[in-house]
Asks: 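A single structure is presented below for examination.
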Amino acid sequence: MSAYEIRDVAPGLWIWRLDYPDWRPGLGWGPMVASTVCESGGDVIVLDPLAPPDDATDVWSRLDARPPTVAVVLKPDHVRDVDTFVDRYGVRAYGPQLFWRTNIPKAELEGIEPGSELPGGLVALYDGRGRNETPLWLPEQRALVFADALTAPERELLVWATPWHEERVLPALRALLELPFEHVIVSHGDPVHGRAAYERALDLAPWTG
């Protein structure tokens with residue numbers, strides 16, 4: 001039986017977590033990663049989806065009950081299983097315009113960049129990290145969803161370190177405080193946090209793995 005978790009975050013917003021199949025010690029993050037589902041503006045949108053195994057029937061049943069219409073890849077190395085969701089549900093897929101040569105989706109993804117507005121009214125954001133990540137603002141759920149800009153390996157939310165943390169990353173992440181968000185979802189570590197944890201993370205030393 002595969003290990004997995006489903007967690008409701010807010011009305012129309014939930015996550016599932018699974019062990020990443022290629023995980024190994026020393027990567028700087030734990031084996032379980034989160035995928036996010038939000039319902040907004042009549043669309044059902046999956047973010048960075050990692051396909052559940054066949055025996056994760058609770059996850060598949062919930063997805064099948066309200067089939068996704070859109071999938072979004074937030075970062076070039078978060079391709080994960082977007083092709084599975086294109087094939088199974090016929091979703092429109094969005095993501096970066098560049099990918100790693102060894103991890104390119106088969107599906108044609110519509111490119112996004114900071115400022116892009118996606119179906120459901122979701123908005124792509126700028127995180128200052130220079131990793132081609134586009135976090136998303138979910139206005140209906142008052143939530144921010146990140147791929148790797150923030151992480152919580154020991155349950156405390158932290159910014160993931162870069163060489164330009166002070167000069168580029170913190171100003172970009174502080175600018176997001178202008179948005180009226182209440183929830184923060186991250187892929188790695190403890191996945192769900194509140195606004196206060198986000199504000200605190202900007203004052204803490206970054207996570208170096």
Side-chain angles (χ1 to χ4, degrees), residues 4 6-18 20-21 33-54 56-127 129 131-149 176 179 181 183-187 191-192:
Y4 63 91
I6 296 173
R7 192 184 305 186
D8 287 294
V9 180
L13 180 63
W14 61 280
I15 65 168
W16 76 88
R17 298 177 74 211
L18 303 167
Y20 190 75
V33 300
S35 302
T36 302
V37 182
C38 78
E39 298 185 26
S40 184
D43 279 295
V44 179
I45 305 152
V46 289
L47 311 178
D48 283 349
L50 181 66
D54 291 342
T57 54
D58 291 351
V59 183
W60 282 122
S61 295
R62 190 160 181 178
L63 289 167
D64 290 343
R66 298 186 67 81
T69 57
V70 175
V72 186
V73 175
L74 302 187
K75 189 170 179 276
D77 59 357
H78 276 215
V79 171
R80 297 184 179 176
D81 293 315
V82 65
D83 287 324
T84 298
F85 283 77
V86 171
D87 293 342
R88 183 178 179 116
Y89 299 109
V91 299
R92 293 174 61 189
Y94 295 79
Q97 300 186 42
L98 297 173
F99 290 93
W100 297 105
R101 63 184 299 176
T102 57
N103 192 16
I104 300 173
K106 293 182 298 182
E108 289 289 335
L109 272 60
E110 299 182 43
I112 59 175
E113 58 187 8
S116 296
E117 183 168 336
L118 305 180
L122 277 61
V123 179
L125 305 173
Y126 174 68
D127 71 355
R129 298 177 68 249
R131 302 292 192 259
N132 287 329
E133 176 174 344
T134 49
L136 291 180
W137 161 234
L138 284 51
E140 284 195 22
Q141 287 81 21
R142 299 171 69 90
L144 301 180
V145 180
F146 292 91
D148 292 346
L176 302 185
L179 297 169
F181 66 88
H183 312 286
V184 177
I185 297 175
V186 298
S187 181
V192 180

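Both backbone and side-chain heavy atoms feed into the values below; hydrogens, waters and symmetry mates do not.
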Asks: With a 4.0 Å cut-off, would you call Asp77 and Arg131 a salt bridge?
Replies: no
Asks: What's the separation between atom OG1 in Thr69 and atom CD in Glu39, rounded to the nearest 0.5 Å?
Replies: 9.0 Å
Asks: Under 4.5 Å between any side-chain heavy atoms of Val37 and Val44, yes or no?
Replies: yes
Asks: Over all heavy atoms of both residues, which pair between Gly12 and Gln141 is shortest? Give the atoms and the distance, please.
Replies: O-NE2, 3.3 Å
Asks: Check step by step if side-chain contact (heavy atoms from CB on, under 4.5 Å) holds for Tyr94 and Ile112.
Replies: CA-CA 7 Å; Tyr94 295 79; Ile112 59 175; 4.0 Å; yes
Asks: Not counting sequence neighbours, which residues clear salt bridge (charged side-chain N to carboxylate O under 4.0 Å, His left out) with Asp8? List them please.
Replies: Arg62
Asks: Who pairs with Asp83 by side-chain hydrogen bond (donor to acceptor under 3.5 Å, both in side chains), at least two apart in sequence or on another chain?
Replies: none
Asks: Which atom names give the shortest non-hydrogen contact between Pro191 and Ala34, and what distance separates them?
Replies: CB-CB, 4.1 Å
Asks: Look only at the side chain of Ser35 and the backbone of Leu50, and say whether a donor-acceptor pair between them is shorter than 3.5 Å.
Replies: yes
Asks: Does Trp60 reach the main-chain N or O of Ala51 with its side chain, forming a donor-acceptor pair under 3.5 Å?
Replies: no
Asks: Tell me, do Arg7 and Val192 make a side-chain contact under 4.5 Å, heavy atoms counted?
Replies: yes
Asks: Using side-chain heavy atoms (C-beta onward) and a distance below 4.5 Å, is Val145 in contact with Pro135?
Replies: no
Asks: I'd like to know if the side chain of Glu133 and the backbone of Asp127 have a donor-acceptor N/O pair within less than 3.5 Å.
Replies: no
Asks: If every non-hydrogen atom of Pro49 is compared with every non-hydrogen atom of Val72, which pair is closest and at what distance?
Replies: CD-O, 4.1 Å
Asks: Within a strict 4.5 Å, meaning less than it, do heavy atoms of the Pro52 and Leu18 side chains meet?
Replies: yes
Asks: Please report the interatomic distance OG1(Thr36) to CD1(Ile185), rounded to the nearest 0.5 Å.
Replies: 4.5 Å
Asks: Would you say Val82 and Thr84 make side-chain contact, with heavy atoms under 4.5 Å?
Replies: no
Asks: Answer whether the closest heavy-atom distance between the side chains of Arg17 and Ile6 falls below 4.5 Å.
Replies: no
Asks: Could you report the tightest heavy-atom contact between Pro68 and Phe85, atom names first, then the distance?
Replies: CG-CD2, 4.4 Å
Asks: Examine distances only and state if a side-chain atom of Arg80 and a backbone atom of Asp48 form a donor-acceptor pair shorter than 3.5 Å.
Replies: yes
Asks: Please report the interatomic distance CZ(Arg142) to CD(Glu140), rounded to the nearest 0.5 Å.
Replies: 12.0 Å
Asks: Can any side-chain N or O of Ser61 pair as donor or acceptor with the backbone N or O of Asp58 at less than 3.5 Å?
Replies: no
Asks: What distance do Asn132 atom CG and Lys75 atom NZ have between them, rounded to the nearest 0.5 Å?
Replies: 9.0 Å
Asks: Could you please spell out the steps behind the side-chain contact (heavy atoms from CB on, under 4.5 Å) verdict for Ile104 and Val79?
Replies: CA-CA 7 Å; Ile104 300 173; Val79 171; over 6 Å; no
Asks: Once you round to the nearest 0.5 Å, how far does OG1 of Thr134 lie from CG of Leu125?
Replies: 8.0 Å
Asks: Run the side-chain contact (heavy atoms from CB on, under 4.5 Å) test on Leu63 and Val46 for me, step by step, so that the C-alpha distance in whole Å, both residues' side-chain angles and the decisive distance to 0.1 Å come before the verdict.
Replies: CA-CA 9 Å; Leu63 289 167; Val46 289; 4.3 Å; yes
Asks: Are the side chains of Phe146 and Leu144 in touch, meaning some heavy atoms are under 4.5 Å apart?
Replies: yes
Asks: Just to verify, what does Trp137 make a ring-ring contact (aromatic ring centres under 6.0 Å, His included) with, not counting sequence neighbours?
Replies: none
Asks: Given side-chain contact (heavy atoms from CB on, under 4.5 Å), test Asp64 with Tyr89 step by step and report yes or no.
Replies: CA-CA 9 Å; Asp64 290 343; Tyr89 299 109; 2.5 Å; yes
Asks: Nearest 0.5 Å, please: how far is CZ in Arg92 from CG in Leu109?
Replies: 11.5 Å
Asks: If you define the side chain from C-beta out and look only at heavy atoms, does anything of Val73 sit under 4.5 Å from Pro96?
Replies: yes
